[in-house]
*Asks:* 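Pasting in a structure now, in structure tokens, and then I'll have a few things to ask.
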Amino acid sequence: MSQTPLLAIDGGKPTRETFLPYGRQWIEDDDIHAVVEVLKGDLITTGPVIEAFEQKLAQYVGAQYAVAFSSGTAALHAACFVAGIRSGDEVITTPLTFAATANCIRYQGAQPIFADIHPDTYNIDHAELDKKITPQTKAVIPVHFTGQPVQLDEIRQFAKKHRLVVIEDAAHALGAMYKGKKIGSDGDLTMFSFHPVKHITTGEGGAITTNRRDYYEKLLQFRSHGITHKPDEIKEREGFWFYQMQFLGYNYRLTDIQAALGLSQMKKLDRFLHLRRKYASMYNEAFQSRREVVIPFQRNEVQSAWHLYVLRLRLSELTADRKTIFQALRKENIGVNVHYIPVHLHPYYRQLGYSEGLCPQAEQFYRETLTIPLFPRMSEQDVQDVIQAVNKVLRYYSVGGVSNGRS
Ligand SMILES: *Cc1c(COP(=O)(O)O)cnc(C)c1O
């Protein structure tokens, strides 16, 4: 009775002929031109374009200051440093993130404490925070997962009560809004990433935004070996050549070459965001009535930046597990992915004593989730291909669907 065509995994024709990745950059001629201009000039590392890029970013999110770094990870490390996180401290974060969020806590010798996610938003559950606080807790690092802002008011209230610093991992959330304000506009320290799959790219790169002058100056110094050239900061100045290394910093500088790309990409950010939001609503519409999946739930007070579109599988409505559905979609040439393996389950963290069962919501989500392609350079036809392939595969593996008659 069913019209379901043969899946590519069973030898049928794939939904599309070319592979569609889950995310990728969009670089145009004017971006390339901007980079070439810097290459032709005198300063290719820390030159004037870094500051122009930082100002543009700060202005865009509505913060006083932005400091660019060689990666989002380096930016997170710097944020942990200026927040005063050190050995013996504990920092609460989510397990449902890229490993770098927790790793930056380890770089400072401190201990990540994983608070489970909320089953609706997949963001850190602020109700879990109370269970994780100890006298050693120094900071909280929430992640705006997929680009949907966390419940910032509740988290900030908690942080204020316990005198904690809040470092927002906004790698997914450039351009996202919380209660009418852009992420990064207020709060202590907010991190953005410019990896090619993120909203804009500099190849590798990242930034911290803040409104605190003391943080800003320390971030700049941390980015460049802990060195200062400023006369008023140097205790005894021996001559014009003089500089001082005052604490152990790193070389985490972004180059002017990369900043030129970033500055050029900033011009396109609103267009990119518009397309991400448009494609996400096409997916919502296509999948909202399918009982085999749950579409991303969005809280009223937020506007997501839609870095990722995750579909949660209702395994009780399916005759196959996530792995089978993942492989079937890959064979249809749809570049599905999984975000994320809960951080505490990686071998490094298991060796430190974290184990399965620590965050049941995140662990269950991990078994049931699929990320489908979402990036501005996709065409509407690409979006339709994804919808068609997902429908084809879900129909096939649906309980009471085609696959039941197979064997
Ligand atoms: C991309 C990402 C990072 C790290 O950023 P890089 O620029 O790749 O170092 C950190 N946290 C999250 C949630 C990310 O998605």
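Each ligand, and each atom within it, is numbered from 1 in the order the structure gives.
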*Asks:* Under 4.0 Å from any heavy atom of Ser71, which atoms of ligand 1 are there?
*Replies:*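 Checking each atom against Ser71, I get 7 (O), 9 (O).
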*Asks:* Distance under 4.0 Å to a non-hydrogen atom of Thr101: what atoms of ligand 1 satisfy this?
*Replies:*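 Matching atoms, with element in brackets: 11 (N).
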*Asks:* Please determine which of Arg395, Arg290, Arg291, Arg312 meets the salt bridge (charged side-chain N to carboxylate O under 4.0 Å, His left out) test together with Glu317.
*Replies:*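 The single option meeting the salt bridge (charged side-chain N to carboxylate O under 4.0 Å, His left out) with Glu317 is Arg291.
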*Asks:* If the cut-off is 4.0 Å to any non-hydrogen atom of Thr97, which atoms of ligand 1 fall inside it?
*Replies:*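 Counting atoms of ligand 1 from 1, those under 4.0 Å from Thr97 are 13 (C).
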*Asks:* Using a 3.5 Å cut-off on N or O atoms only, is Val143 in polar contact with ligand 1?
*Replies:*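 N/O-N/O distance under 3.5 Å: no.
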*Asks:* Distance to 0.1 Å, residue and atom name: give those for the protein heavy atom nearest to atom 5 (O) of ligand 1.
*Replies:*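 The closest one turns out to be Ser193 OG, 3.3 Å.
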*Asks:* Do Asp169 and ligand 1 have an N or O pair less than 3.5 Å apart?
*Replies:*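 For ligand 1, there is an N or O atom that lies under 3.5 Å from one belonging to Asp169.
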*Asks:* Compare all side-chain heavy atoms of Tyr349 with those of Ser355 and state whether any distance is below 4.5 angstrom.
*Replies:*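 In short, these two side chains do not touch, never coming nearer than 4.5 Å.
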*Asks:* In Å and rounded to the nearest 0.5 Å, what is the CD to CZ distance from Gln148 to Phe297?
*Replies:*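 Gln148 CD to Phe297 CZ: 7.5 Å, rounded to 0.5 Å.
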*Asks:* What residue and heavy atom of the protein are closest to atom 4 (C) of ligand 1, and at what distance?
*Replies:*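 Of every protein heavy atom, Thr73 OG1, 3.6 Å lies nearest to atom 4 (C) of ligand 1.
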*Asks:* I want to know if ligand 1 touches His195 in the polar sense, i.e. an N/O pair below 3.5 angstrom.
*Replies:*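 By distance alone, the answer is no.
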*Asks:* Compute the minimum heavy-atom distance from Tyr340 to ligand 1 and say whether it is under 4.0 Å.
*Replies:*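 Within the 4.0 Å threshold, so yes.
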*Asks:* Report the distance from atom CZ of Arg299 to atom CG of Asn123, rounding to the nearest 0.5 Å.
*Replies:*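 Arg299 atom CZ to Asn123 atom CG measures 9.5 Å (nearest 0.5 Å).
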*Asks:* Treating Ser264 as the side-chain partner and Leu261 as the backbone partner, does any N or O pair qualify as donor plus acceptor under 3.5 Å?
*Replies:*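 No, because the side chain of Ser264 does not come within donor-acceptor range (under 3.5 Å) of the backbone of Leu261.
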*Asks:* In ligand 1, which numbered atoms sit nearer than 4.0 Å to a non-hydrogen atom of Gly205?
*Replies:*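 Matching atoms, with element in brackets: 7 (O).
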*Asks:* If we set the cut-off at 4.0 Å for heavy atoms, which region of Met191 has an atom near ligand 1: side chain, backbone, both, or neither?
*Replies:*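 Only the side chain of Met191 comes within reach of ligand 1.
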*Asks:* Please determine whether a side-chain nitrogen of the Lys or Arg among Arg314 and Glu368 lies less than 4.0 Å from a carboxylate oxygen of the Asp or Glu.
*Replies:*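 Looking at Arg314 and Glu368, the cut-off is not met.
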*Asks:* Do you see a donor-acceptor pair shorter than 3.5 Å between the side chains of Thr324 and Gln327?
*Replies:*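 Thr324 vs Gln327: no donor-acceptor pair found between side chains.
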*Asks:* Yes or no: does Lys198 have any heavy atom under 4.0 Å from an atom of ligand 1?
*Replies:*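 For ligand 1, residue contact (heavy atoms, under 4.0 Å) with Lys198 is present.
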*Asks:* Dump the intermediate steps for side chain to side chain contact (heavy atoms under 4.5 Å, CB included) on Lys331 and Leu7, then the final yes or no.
*Replies:* CA-CA 8 Å; Lys331 289 286 182 191; Leu7 299 188; over 6 Å; no
